2 protein chains.
Amino acid sequence: MKLQVEQRLASKKINPTAMRILVLELLLQQNSAISMSDIEKGLETADRITIYRTLKTFEQNGLIHCIEDGTGIPKYALCVEDCTTHEHHDMHVHFYCNSCKETFCLPDHRIPDISLPAGFSPAELNLIVKGTCEKCTQ
Amino acid sequence: MKLQVEQRLASKKINPTAMRILVLELLLQQNSAISMSDIEKGLETADRITIYRTLKTFEQNGLIHCIEDGTGIPKYALCVEDCTTHEHHDMHVHFYCNSCKETFCLPDHRIPDISLPAGFSPAELNLIVKGTCEKCTQ
DNA sequence: CCAATAATGCAATACCATTGCATTGGTTAA
DNA sequence: TTAACCAATGCAATGGTATTGCATTATTGG
């Protein structure tokens, strides 16, 4: 278990400190994207600023990606294994549930091509679908 | 001119006060979505809180819509004429230019249908395309 | 014209991101 | 083993924005 976590950090060239292992373990347990304060609540010992910098480090090294789901509060989720630092730009769909307020990555649902007006060249796509999630529909 | 502005307010059941006319006129002049502080800078006399509440009123009455373009700073733009309060949810594409930092509505470019996993029911779509805009491409 | 209601402006609050700086901890070289 | 270095951490402080309370002013309806 812990070994896998450390390997995952190492594969992204991130020093496996105690704090980073804790944060990564917490992220691995999630099935939805979580905010900085979620992480702060999930860890007894941690200082907000340390978590903030830990997430920045993870993001820069392509371990996680940041999602702006329209709430104004950034959420974080693990990238898929093979995403590289420069190309990990959320090319999949994110789903925000209006009921449980959770944000899900839908990595299998790629964003279809959009036709843009002449002169507009796209670099990055970010599609937020809001609605009701699987759990809350029942 | 001013008459048209007042009529537009009246059609959304918004009392045409001096401040609201000024803010709406400013919005009519834009060809991109602007933030609250943009409006504050654009108007000599205005108080930040009044603008804040004016925009909330406009939004509630379906005169403008709010765009979360991923910067964390909400932007506002006029809705198309026929949009109703409950159905004015940004079903078109927004474009954020990484160069000039402006946010454009592309109302003619509707978002294609997305297939979601079973149980997920969409209510609202929000697609932000980031890249380089017409002006900055040249 | 007056009373009721809505809108405004000021002050204050709260929240979150971000940075500076001092301290800790772990690794390397002498 | 110790000294020196670099990365990581934690505390304190700052800055920006959203948001609310309350008193004042403007607007509307009778």
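What you see is a predicted model, and the numbers here were worked out from it, not measured in a lab.
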Under 4.0 angstrom, heavy atoms only, what part of the nucleic acid is A/T17 near: base, sugar-phosphate, or nothing?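 If one applies the 4.0 Å heavy-atom cut-off, A/T17 turns out to touch the sugar-phosphate alone, with no base involved.
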
Short side-chain N/O contact from A/K56 to OP1 or OP2 of C/dA17, under 4.0 Å: no

Please determine if a side-chain N or O atom of A/N15 lies less than 4.0 Å away from the OP1 or OP2 oxygen of D/dA8.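 Checking D/dA8 against A/N15, a side-chain N or O does come within under 4.0 Å of OP1 or OP2.
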
Looking at [X] and [Y], what are the two nearest heavy atoms and their distance?
X: B/E102; Y: B/S32; value: OE1-OG, 3.1 Å
X: A/C66; Y: A/E59; value: CB-OE2, 3.3 Å
X: B/L106; Y: B/F95; value: CD1-CB, 4.0 Å

C/dG9 base to B/R53 side chain: any donor-acceptor pair below 3.5 Å?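 Check passes, donor-acceptor contact within cut-off.
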
Separation of [X] atom [atom1] from [N] atom [atom2], in whole Å?
X: B/R48; N: C/dA7; atom1: CZ; atom2: C1'; answer: 18 Å
X: A/Y52; N: D/dC11; atom1: OH; atom2: C1'; answer: 16 Å
X: A/I51; N: D/dA8; atom1: CD1; atom2: C1'; answer: 14 Å
X: A/F58; N: D/dA8; atom1: CZ; atom2: C1'; answer: 12 Å
X: A/I39; N: D/dT9; atom1: CD1; atom2: P; answer: 13 Å
X: B/I49; N: D/dC22; atom1: CD1; atom2: C1'; answer: 13 Å
X: A/D47; N: D/dA13; atom1: CG; atom2: P; answer: 14 Å
X: A/E59; N: C/dT18; atom1: CD; atom2: P; answer: 10 Å

Both A/M36 and B/T45 contact DNA chain C. Taking the nearest nucleotide for each, which residue is further toward the 5' end? B/T45

Both B/M19 and A/S37 contact DNA chain C. Taking the nearest nucleotide for each, which residue is further toward the 5' end?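 It is B/M19, whose closest nucleotide lies nearer the 5' terminus.
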
Of all residues at least two apart in sequence or in a different chain, which pass the salt bridge (charged side-chain N to carboxylate O under 4.0 Å, His left out) check with B/K41?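 Expected list: none.
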
Classify the side-chain pair A/T17/A/N15 by whether it contains a donor and acceptor separated by less than 3.5 Å. no

